[in-house]
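This is the structure I have questions about; it appears just below.
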Amino acid sequence: MPIQQSDVLYTAVATAENGRDGRVATDDGRLDVVVSPPVEMGGSGTGTNPEQLFAAGYSACFQGALAVVARQEKADVSGSTVTAKVGIGKNDDGFGLVVEISATVPNVDPQTAKALVDKAHQVCPYSKATRGNITVTLV
């Protein structure tokens with residue numbers, strides 16, 4: 001169920017100039033990066049790109065969700081890592097995304113790790129936002 005505006009605890013604000021070949025900055029100045037298309041898409045590859053920024057945000061958010069679930073389950077996820085791979089490619093409407101999420105959880109057995117990752121995928125705000133819109137695979 002979507003949250004209501006009255007439920008918002010924090011709002012991030014970022015502004016882009018010149019789309020994929022320009023600059024993106026947050027209103028508080030904490031993020032200010034040059035963006036450029038990757039070489040694979042005909043760009044210079046000299047800056048970051050929206051897919052890298054999305055991968056960074058998704059992996060950080062998923063890691064946070066993993067920690068929340070682990071606290072509920074009383075599991076130790078210290079030393080864990082989450083990697084998000086975000087792919088972009090052509091589809092019927094122009095372009096689309098696919099995501100692959102992998103997590104390494106060294107302090108629990110593989111079955112527990114899988115269960116924690118599956119539960120994190122249910123509570124992660126990025127996972128909720130993408131569900132039904134793009135393919136997200138947990139590996």
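Counting begins at 1 with the first residue of the sequence. Heavy-atom basis, side chains included; hydrogens, waters and symmetry copies ignored.
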Next on the checklist: Give me each pair satisfying ring-ring contact (aromatic ring centres under 6.0 Å, His included) with a member in residues 66-93, each pair once, sequence neighbours excluded.
Outcome noted: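 The answer is none; no pair qualifies.
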Next on the checklist: If I take atom CD1 from residue Ile88 and atom CG from residue Asn49, how far apart are they, to the nearest 0.5 angstrom?
Outcome noted: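 Answer for the CD1-CG pair, Ile88 versus Asn49, is 8.5 Å.
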Item to check | Contact list for residues 47-64, test salt bridge (charged side-chain N to carboxylate O under 4.0 Å, His left out), sequence neighbours left out | outcome: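 Applying salt bridge (charged side-chain N to carboxylate O under 4.0 Å, His left out) to every pair that reaches into residues 47-64, excluding sequence neighbours, yields Arg20-Glu51.
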Checklist entry - Could you state the interatomic distance from OG (Ser59) to CD (Gln63), rounded to the nearest 0.5 Å? => result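 Spacing of OG (Ser59) from CD (Gln63) equals 8.5 Å.
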Item to check | Heavy-atom closest contact (His121 atom, Arg131 atom, distance) | outcome: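 Distance-wise, the nearest heavy atoms are O-NH2, 2.5 Å.
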Checklist entry - Looking at residues at least two apart in the chain, or sitting in another chain, which of them share a ring pair (Phe, Tyr, Trp, His ring centres under 6.0 Å) with Tyr58? => result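 Only Phe54, Tyr126 meet the ring pair (Phe, Tyr, Trp, His ring centres under 6.0 Å) criterion with Tyr58.
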Next on the checklist: Nearest 0.5 angstrom please: Ile101 CD1 to Thr130 OG1, how far?
Outcome noted: 8.0 Å
Checklist entry - In terms of hydrophobic clusters joined by side-chain contacts under 4.5 Å, are Met41 and Val98 together? => result no
Checklist entry - Out of curiosity, Leu66 CG to Thr81 OG1, how far, rounded to the nearest 0.5 Å? => result 9.5 Å
Item to check | Any residue meeting salt bridge (charged side-chain N to carboxylate O under 4.0 Å, His left out) with Glu40, in chain and number order, not counting sequence neighbours | outcome: none
Item to check | Common cluster, Val34/Leu53, ILVMFWY with side-chain heavy-atom separation under 4.5 Å | outcome: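 Each belongs to a different hydrophobic cluster.
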Checklist entry - Do Val82 and Val69 sit in the same hydrophobic cluster, where Ile, Leu, Val, Met, Phe, Trp and Tyr count as joined when their side-chain heavy atoms come under 4.5 Å apart? => result yes
Item to check | Check: Ser36 side chain, Gly43 main-chain N or O, donor-acceptor pair, under 3.5 Å | outcome: no
Next on the checklist: Could you work out, with salt bridge (charged side-chain N to carboxylate O under 4.0 Å, His left out) as the rule, every residue matching Arg71, not counting sequence neighbours?
Outcome noted: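 Checked Arg71 against salt bridge (charged side-chain N to carboxylate O under 4.0 Å, His left out); zero matches.
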Next on the checklist: Once rounded to the nearest 0.5 Å, what's the spacing between atom CG of Leu138 and atom CG of Asp118?
Outcome noted: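 If I round to the nearest 0.5 Å, the distance is 6.0 Å.
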Item to check | Ser44 to Val39 - nearest heavy-atom pair and separation | outcome: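 Looking at all heavy atoms of both residues, the closest pair is O-CG2, 3.7 Å.
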Under 3.5 Å, which donor-acceptor pairs do the side chains of residues 5-19 form with other protein atoms, sequence neighbours left out?
from	atom 1	to	atom 2	distance (Å)
Asp7	OD2	Gln4	N	3.2
Glu17	OE2	Arg23	NH1	3.2

Next on the checklist: Please give me the minimum heavy-atom distance between Val123 and Ala65, naming the atom from each residue.
Outcome noted: CG2-CB, 3.9 Å
Next on the checklist: Could you measure the distance from the CD atom of Gln72 to the NZ atom of Lys119? Nearest 0.5 Å is fine.
Outcome noted: 8.5 Å
